[in-house]
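To keep things clear, I will list the structure first and then write my remarks on it.
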Amino acid sequence: MDWLVSTAEFLVNEILSQPAYLIGLITAAGLIALRKTAGQIVGGAIKATLGFLLIGAGATLVVGALAPLGDMIQGATGAHGVIPTNEAIVGIAQEQYGARVAWLMILGFAISLLLARFTPLRYVFLTGHHMLFMATMLTMVLAISGQSSWVVVVVGGVLLGILLVALPAFAHPWTKRVTGNDSVAIGHFGTAGYIAAGATGQLVGRRSRSTEEMNLPEGLRFLRDSMVATALSMVLIYLIMSLLFLGKAGKEEAFKAFGENGAAGASDVGDYVMQSVMQGLQFGIAVAVILFGVRTILGELVPAFQGIARKLVPGAVPSLDAPIVFPYAQNAVLVGFVSSFVGGLVSLGLLAWIFHPAFGLALVLPGLVPHFFTGGAAGVYGNATGGRRGAALGAFVNGVLITFLPALLLKVLGAFGEENTTFGDADFGWFGTLIGYAAKTGETGGVVLMLLIGAAVLLGAIVVQKRVVETGWDPGAHRDALLPRDEALTTPAGTPDAGPPVAYAKIAPPRGAPKPPPPDRADGA
């Protein structure tokens, strides 16, 4: 049996948990189904893999650029508590639950393909690392509650499979609003935050212009370049926080902020300030790398995906990572990041003032990385339905969710709740809390309750798919009706030709964005 466990762990840890390899294999399979030449298959698979590696490289740069800023914020505000980091808590849990996580993930992915094939939820979840995160979280809450190993794997696998097809369906009306077509779905466990952001945008931004249409004075026209605007904004944030940190902590402590990974840190105040500027510029480079990676993979994966979809899951839609929506509203990404972070700070204050004393909830510090990725995506969703106000307030709501939900999740993580870290994205919080309390009711009762929760999520997603997605409901239609006709219906330059102008054209797709599949292929024919 050891070789079976080793094989499963190899598949999960070395292939299925690596998005780049998974996407490359999927792309190759699609090109094979399309009967492409060997050269086209190899080239397409490598290019798709490189696209995801570019996203990963950009994410690494983001983490590196934000690390000193996190220390500065914590030092300047004096806040202490739990910092949600998916990778950290998964790494801690793998030592104890690695085998069960492996089997749960494999079973969950297989079940998701069956559900995609035989239900209306034709979504194939391709964000491999998030599958691993959710499999780990489910393993932890089930095992900690005292469930036996077979229950952990089987019931957890069923629940994972349901989530992989259900959550993209819940978000898809809003995703279509962003992308303008059915070619891609969101495959990321921050879905609750994105839906909340889109709904908030509907409520507050009916006459608000898009973040991509900011009318700047002639002297500020350079800010229309998203890379320049992002870098400049982060430079200003870095400078403000670095000076606050310097004033509170003093030179000796402040200079250590740039001493990570063996670096000597700042040598004097001038060096300290200029290193802050450099970190802000590095952040701008990181975002540019991520956006280029997204464009690269879109150009290869979506056409190839049509082949495998026709063979395995007719009419399938690939569900991809959160940065897949970044190019559709690049200014909204920055607005969303800042607004989500502010929401996290406000929520931290509420936790410290009210909810920690009254209910014993942990203080959850606003981690910059989850606020950038989920907050940035929430800003895009909020902008799609509510323009600038929607981007700002929608992402603020996301920041509140990814602060309070991890605090609730810690209640069901047992001893892991004392590790000073937890899962950071919204769906881990609400689903993990529900499943965790259900699992504690006993083996038989717990299994029944957990399966009922899973069935409710699956049924709800099917209803949304049939009555909302397939009927073409547009969550931003009312806003478009209130905007001037030439603004709401004019297709921007560079938008893929998808027929007559529609309201979706407010959000201009990036170069290389996928076009809707031809009608004769939409059903897998």
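One is the number of the first residue; the rest follow in order along the sequence.
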Do the side chain of [X] and the main chain of [Y] share a donor and acceptor less than 3.5 angstrom apart?
X	Y	answer
Glu212	Asn331	yes
Gln40	Leu31	no
Asp427	Thr191	yes
Ser208	Arg389	yes
Arg388	Thr211	no

Notebook entry, point to check: Among Asp474, Val184, Asn181, Asp182, which one satisfies side chain to side chain contact (heavy atoms under 4.5 Å, CB included) with Lys176?
Noted result: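 Of the listed options, the one satisfying the test is Asp182.
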Note to self: Can a side-chain donor-acceptor contact be found between Thr127 and Asp321 if the only test is distance below 3.5 angstrom?
What the structure shows: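 Checked: Asp321/Thr127 side chains show no N/O donor-acceptor pair below 3.5 Å.
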Check: Quick one: do the Thr374 and Asn398 side chains pair a donor with an acceptor below 3.5 Å?
Finding: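 Checked: Thr374/Asn398 side chains pair up, N/O donor to acceptor below 3.5 Å.
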Please examine the side chains of [Y] and [X], heavy atoms only from C-beta on, and report whether any two atoms are closer than 4.5 Å.
X	Y	result
Glu470	Pro120	yes
Thr175	Tyr381	yes
Phe189	Asn86	no
Val364	Leu348	no
Gln465	Tyr123	yes
Ile402	Ser340	yes
Trp430	Leu408	no
Trp174	Thr385	yes

What are the two closest heavy atoms between [X] and [Y], and how far apart are they?
X	Y	value
Phe133	Phe428	CB-CZ, 3.5 Å
Gly344	Thr403	CA-OG1, 3.4 Å
Ala169	Leu121	CB-CD2, 3.7 Å
Leu164	Gly108	CD1-O, 4.1 Å
Ile186	Ala171	CG2-CB, 3.6 Å
Ala185	His172	CB-ND1, 3.7 Å

Next item on the list: If the plane angle is over 60° it's perpendicular, under 30° parallel, otherwise tilted; pick one for His188 and Tyr194.
Entry: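 If you compare the ring of His188 with that of Tyr194, the planes turn out tilted.
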Notebook entry, point to check: What is the ring orientation for Phe337 with Phe283, classed by angle as parallel under 30°, tilted 30 to 60°, or perpendicular over 60°?
Noted result: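 Aromatic pair Phe337/Phe283 classed parallel.
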Notebook entry, point to check: What do the steps show when you test Val141 against Met137 for side chain to side chain contact (heavy atoms under 4.5 Å, CB included), and what is the final call?
Noted result: CA-CA 6 Å; Val141 296; Met137 191 274 290; 4.0 Å; yes
